[in-house]
There are 2 protein chains.
Amino acid sequence: MPSSPGRQRTPRTSLSRERILAAAVQVADERGIASVTMRKVAEHLGVEAMSLYHHVANKDEILDGIVDVVFGEIELPVGQFDWKTTMRRRAVSARHVLARHPWALGLMESRRHPGPSTLRHHDSVIGSLRAAGFSIGMAAHAFSALDSYIYGFVLQESNLPFRTTEELEDMAETIVQRMPAGVYPHLAEMIADHALQPGYAYGDEFTFGLDLILDGLERALLGPGAPARGGPFRQTGADRSAPPPPG
Amino acid sequence: MPSSPGRQRTPRTSLSRERILAAAVQVADERGIASVTMRKVAEHLGVEAMSLYHHVANKDEILDGIVDVVFGEIELPVGQFDWKTTMRRRAVSARHVLARHPWALGLMESRRHPGPSTLRHHDSVIGSLRAAGFSIGMAAHAFSALDSYIYGFVLQESNLPFRTTEELEDMAETIVQRMPAGVYPHLAEMIADHALQPGYAYGDEFTFGLDLILDGLERALLGPGAPARGGPFRQTGADRSAPPPPG
DNA sequence: ACCTGAACACCGTTCAAGT
DNA sequence: ACCTGAACACCGTTCAAGT
């Protein structure tokens, strides 16, 4: 009687790709990406390591999968606001999601198979820019500039010596120890007179760079005839919504 | 006779931390970061894995070490040009070095001990900005914005579906296969009408975003009373070289 | 169909031993 | 002082076997 209900001691919920990825994300969040092993993910699910291979081809598929799960958590751009507000909200969401799963960025470099959530996210961002009047070339520029900034910021945030107060003081110590020899004077100054000041939080830097890029994109969008000095931009491919640049 | 010269069959050159790191970098470049194991690095040096432990505490020290080796390859900002040129040159150098060793960015997320080359590099960048008249707060803004952009760009470059022509066509195939269902229309458009156009190279996007940031920084540096609309910036800590923002 | 035990070729690291 | 062999507790993955 295969489908009869009732208490069975074997599988509480039967294994699935989704349950495996969710468990892997949880293990990565709680114990670091190095702890994401077939054996530990399986243990987390009350199952043997070899059982996982019935739902994923190998560990690489799990790693591809959890990166995609993370992208699926990022708020998709919604159309109710102007493009700058939409892009800013989405950038802030991406930053928070990636900061919550910092291992995802470390994994990105080795992943070459974007999953459906990632593709959907990118598609939505491009669509949002196009709807705001960005040409294909300008949308590509905007997409590249914004995502580069977001990813890099989170990467720095999870790596930079001056992040949290505790680590900062560790760092300050290291710097100060090497000061007698006169090395790193500017780093020392920045730590002492800036990063160690009350109220400092590296995370606050995010909006500065983000607004720099958004404002620059706005200028490029509004007046392609007047790009910022020293920063000409090429419009590649089909440009349907913006007039061609002069010259 | 311990120091007598002549042919000895044992150590061609005696092992050292530097030789171990150089070997580890080479293994990572040639066979990927996953191949950087104590056994393989040792093999590369004609030695047993256990010998490495006499020069490094553990594998983590090797990983910290090779990230620092990579930072040491980046051209330090030199003072003979204006700050924008200096920062642009340094950004281009950082981009190329990091692209040559893409595993370094993947490692960054898990590293918390910046080495001497990394500290020296950061110190030099901050010093260069300060000499150009940036206040401490503005130098922190500039440093964060530029490095975030550079790191994130390389990360995308080593990960984005549309990178090299071969992979791009793979990607286009995937997208097109899902097109009947109407998914990813904007991504499909961008690939077909932009990325697949002759002469396209994702790497060309680098300068656009870089100039956006450099121009924005220049505006912020020249006229703190007239920051771009929507992009106010806070000056934190001691600001010695720039007048305080109005209000 | 789904799960598993044993096995294989690997890991990082310790430790006692060699020179 | 520097290097190493054997050993331990892990890895990812295969395969034949269980239900």
Side-chain angles (χ1 to χ4, degrees), chain A residues 1-24 27-28 30-67 103 106-107 110-111 113, chain B residues 1-24 27-28 30-67 103 106-107 110-111 113:
Chain A
M1 42 188 81
S3 61
S4 78
R7 279 185 290 138
Q8 289 158 260
R9 60 167 173 70
T10 12
R12 22 186 168 289
T13 321
S14 100
L15 218 47
S16 71
R17 200 185 123 92
E18 282 65 39
R19 295 220 312 135
I20 291 172
L21 294 184
V27 171
E30 287 169 5
R31 301 153 122 80
I33 192 68
S35 290
V36 177
T37 67
M38 300 304 272
R39 283 168 169 90
K40 283 192 190 134
V41 170
E43 188 187 9
H44 205 90
L45 292 161
V47 111
E48 297 299 314
M50 306 75 205
S51 305
L52 304 182
Y53 286 91
H54 287 274
H55 301 91
V56 294
N58 47 37
K59 187 179 168 180
D60 250 35
E61 194 180 310
I62 292 184
L63 296 182
D64 281 335
I66 59 178
V67 169
W103 44 264
L107 238 39
S110 59
R111 301 298 101 195
H113 300 292
Chain B
M1 44 190 84
S3 59
S4 79
R7 279 184 291 139
Q8 289 157 260
R9 59 166 173 68
T10 13
R12 23 184 167 289
T13 321
S14 101
L15 218 47
S16 71
R17 199 186 124 91
E18 281 65 40
R19 294 220 312 136
I20 291 172
L21 295 184
V27 171
E30 287 169 6
R31 301 154 123 81
I33 191 69
S35 290
V36 177
T37 67
M38 299 303 271
R39 283 168 169 89
K40 284 193 189 134
V41 171
E43 189 186 9
H44 204 89
L45 291 161
V47 111
E48 297 299 314
M50 306 75 205
S51 306
L52 305 182
Y53 287 91
H54 287 275
H55 300 91
V56 293
N58 48 38
K59 187 178 169 181
D60 248 35
E61 194 180 311
I62 292 185
L63 297 182
D64 281 335
I66 59 178
V67 168
W103 44 265
L107 239 39
S110 59
R111 300 298 102 196
H113 300 291

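Worth knowing before you read on, the calculation uses all heavy atoms, side chains too, and leaves out hydrogens, waters and symmetry mates. In what follows, chains carry the letters A, B, and so on, assigned in the order in which the sequence lines appear, proteins first and then strands, with residues in each chain numbered from 1.
- Residues from residues 51-65 of chain B with heavy atoms under 4.0 angstrom of DNA chain D, sorted by number: B/Ser51, B/His54, B/His55.
- Pairs passing the salt bridge (Lys or Arg N to Asp or Glu O under 4.0 Å) check and including a residue from residues 31-46 of chain B, sequence neighbours excluded, do not occur.
- B/Glu48 meets the side-chain contact (heavy atoms from CB on, under 4.5 Å) test with B/Met50, B/Ser51; sequence neighbours excluded.
- Every residue two or more places apart in sequence or in another chain that forms a side-chain contact (heavy atoms from CB on, under 4.5 Å) with A/Ala42 is listed here: A/Val47, A/Ala49, A/Leu52.
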Enumerate, atom names and distances included, each donor-acceptor pair closer than 3.5 Å involving a side-chain atom of residues 54-66 of chain B, sequence neighbours excluded.
| unit_1 | atom_1 | unit_2 | atom_2 | d |
| --- | --- | --- | --- | --- |
| B/His55 | NE2 | B/Leu15 | O | 3.2 |
| B/Asn58 | OD1 | B/Asp60 | N | 3.3 |
| B/Asn58 | OD1 | B/Glu61 | N | 3.1 |
| B/Lys59 | NZ | B/Val36 | O | 3.0 |
| B/Glu61 | OE1 | B/Ala57 | N | 3.0 |
| B/Glu61 | OE2 | B/Arg17 | NH1 | 2.8 |
| B/Asp64 | OD1 | B/Arg111 | NH1 | 3.2 |

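- For the side-chain contact (heavy atoms from CB on, under 4.5 Å) test, no residue two or more places apart in sequence or in another chain qualifies with B/Ser110.
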Anything under 3.5 Å between a protein N or O and an N or O of nucleotides 5-9 of chain C, put it in a table, one pair a line.
none

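- For D/dC11, one of the phosphate oxygens OP1 or OP2 lies less than 4.0 angstrom from a side-chain nitrogen or oxygen of A/Lys40.
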According to the Watson-Crick and G-U wobble definition with distances under 3.5 Å, which dot-bracket string, read 5' to 3', encodes DNA chain D, using [ ] for crossing pairs and | for pairs with another strand?
||.|||||...|||||.||

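- Atom CE of B/Met38 is separated from atom C1' of D/dC3 by 14 Å (rounded to the nearest Å).
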